[in-house]
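A short worksheet on the structure shown next.
Keep in mind it's a predicted model, so treat the numbers as computed, not measured. All heavy atoms count here, side chains included; hydrogens, waters and symmetry mates do not.
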Amino acid sequence: FFFFQRLTLSFDNGVIHSQVPVPLVSYHELLRRGYRPDLRLDGGTVRCPDGTTIALVLHGGVWRFPPPPAAAPAAPKFASRNPWCALSGTTVEPDTPDAEPSADDLAKAQRLHDHRGHPGVTRMLIIARCMRADDPDRPSLAAVRKLRCSTCQVAKPRRPNAAVAHPPRDQQDGDVAPGELTFADFAPAPFEVKQLDGSTTFLCLRDGASNVTTYVPVADKSAKL
């Protein structure tokens, strides 16, 4: 008898030895089914009915069938592209920011910009990099950099210069003496809880000459100082 290990052949009349935890194949069964074993001290062979010859390995006084070759792992199949691929930074083309895009390329970038909710340049570059290279709607990175969306230009907040919005008061030293000009304004909202002194808001007083600011708690806006 000899046993086989990880072999694709199967014999329903194989004999299982009580102290060998692997299947044993009967020599008689091999002959009856058309196999021709040739057992030798250097190994041996088994000739199959279809003419194939299997080399045997002699190990520990037992002839073994060699294990079959390991099959290559199958490549994974994906039903669709990852919808979150735009969150990654995979680059599919070299970034050439100085390239001059065509009018059609700029139109692609504008359509993608509108469809994605008018994202910024950094976000647009990530989206364009992660689109498939054969996608007909994919703009070049240069077109994304050169895009100037008219809607975004109108909606973009513009803050004026602080010196223009709040110009410093032009005055000579000594024009206004401390205490002559005072700016006063109440707090924009009353306190949520009435204070121990009964105040519910405060009055802000600022001296126009020295910019000294004082806060005076009051019961309400109708209080007299």
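Rounded to the nearest 0.5 Å, atoms CD1 (I127) and NE2 (H115) are 9.0 Å apart. We find the CD1-CE distance between I126 and M131 to be 14.0 Å, quoted to the nearest 0.5 Å. In this structure, the separation between CD on Q110 and CG on L112 is 10.0 Å, given to the nearest 0.5 Å. Put simply, CD1 on I54 and OG1 on T45 are 9.5 Å apart, with the number rounded to the nearest 0.5 Å.
Counting all heavy atoms, side chain and backbone alike, H118 lies closest to T151 at CE1-CB, 3.9 Å. Taking each heavy atom of D207 and G179 in turn, the nearest pair found is OD1-N, 2.7 Å. The shortest heavy-atom contact between C152 and H113 is SG-NE2, 3.2 Å. Between A109 and M124, the shortest heavy-atom distance links the atoms O-CE, 3.7 Å. For the pair Y215 and C204, the tightest heavy-atom approach, listed with the atom from each and the gap, is CE2-SG, 3.7 Å. For the residue pair L125 and V144, the shortest heavy atom distance occurs at CD2-CG1, 3.8 Å.
At least one donor-acceptor pair closer than 3.5 Å links the side chain of D105 to the backbone N or O of S140. Checked by atom type and distance alone, the side chain of W63 pairs as donor or acceptor with a backbone atom of G43 at under 3.5 Å. Side-chain N or O atoms of K221 include none that pairs as donor or acceptor with a backbone N or O of L203 at under 3.5 Å. A donor-acceptor pair is defined here as one N or O able to donate and one able to accept, closer than 3.5 Å; such a pair exists between the side chain of R138 and the backbone of A128.
Between R206 and T182 the shortest side-chain heavy-atom distance does not fall below 4.5 Å. Two residues are said to be in side-chain contact when any heavy atoms from C-beta on lie closer than 4.5 Å; V46 and T53 fail this criterion.
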(Q) Does L39 form a side chain to side chain contact (heavy atoms under 4.5 Å, CB included) with L56? I'd like the steps, not just the answer. (A) CA-CA 8 Å; L39 306 181; L56 301 177; 3.6 Å; yes
Q: Please step through side chain to side chain contact (heavy atoms under 4.5 Å, CB included) for the pair T201 and V218, ending with a clear verdict.
A: CA-CA 6 Å; T201 185; V218 294; 3.4 Å; yes
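A salt bridge links D38 to R40: at least one charged side-chain nitrogen sits closer than 4.0 Å to a carboxylate oxygen.
Side-chain contact check for D104 and S102: no donor-acceptor pair (N or O, by modelled atom type) lies under 3.5 Å.
Note on L31 and Y35: same hydrophobic cluster, where clusters join Ile, Leu, Val, Met, Phe, Trp and Tyr whose side-chain heavy atoms are under 4.5 Å apart, directly or indirectly.
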Could you list the donor-acceptor pairs under 3.5 angstrom formed by side chains in residues 183-196, with sequence neighbours left out?
| from | atom 1 | to | atom 2 | distance (Å) |
| --- | --- | --- | --- | --- |
| Q195 | NE2 | V193 | O | 2.9 |

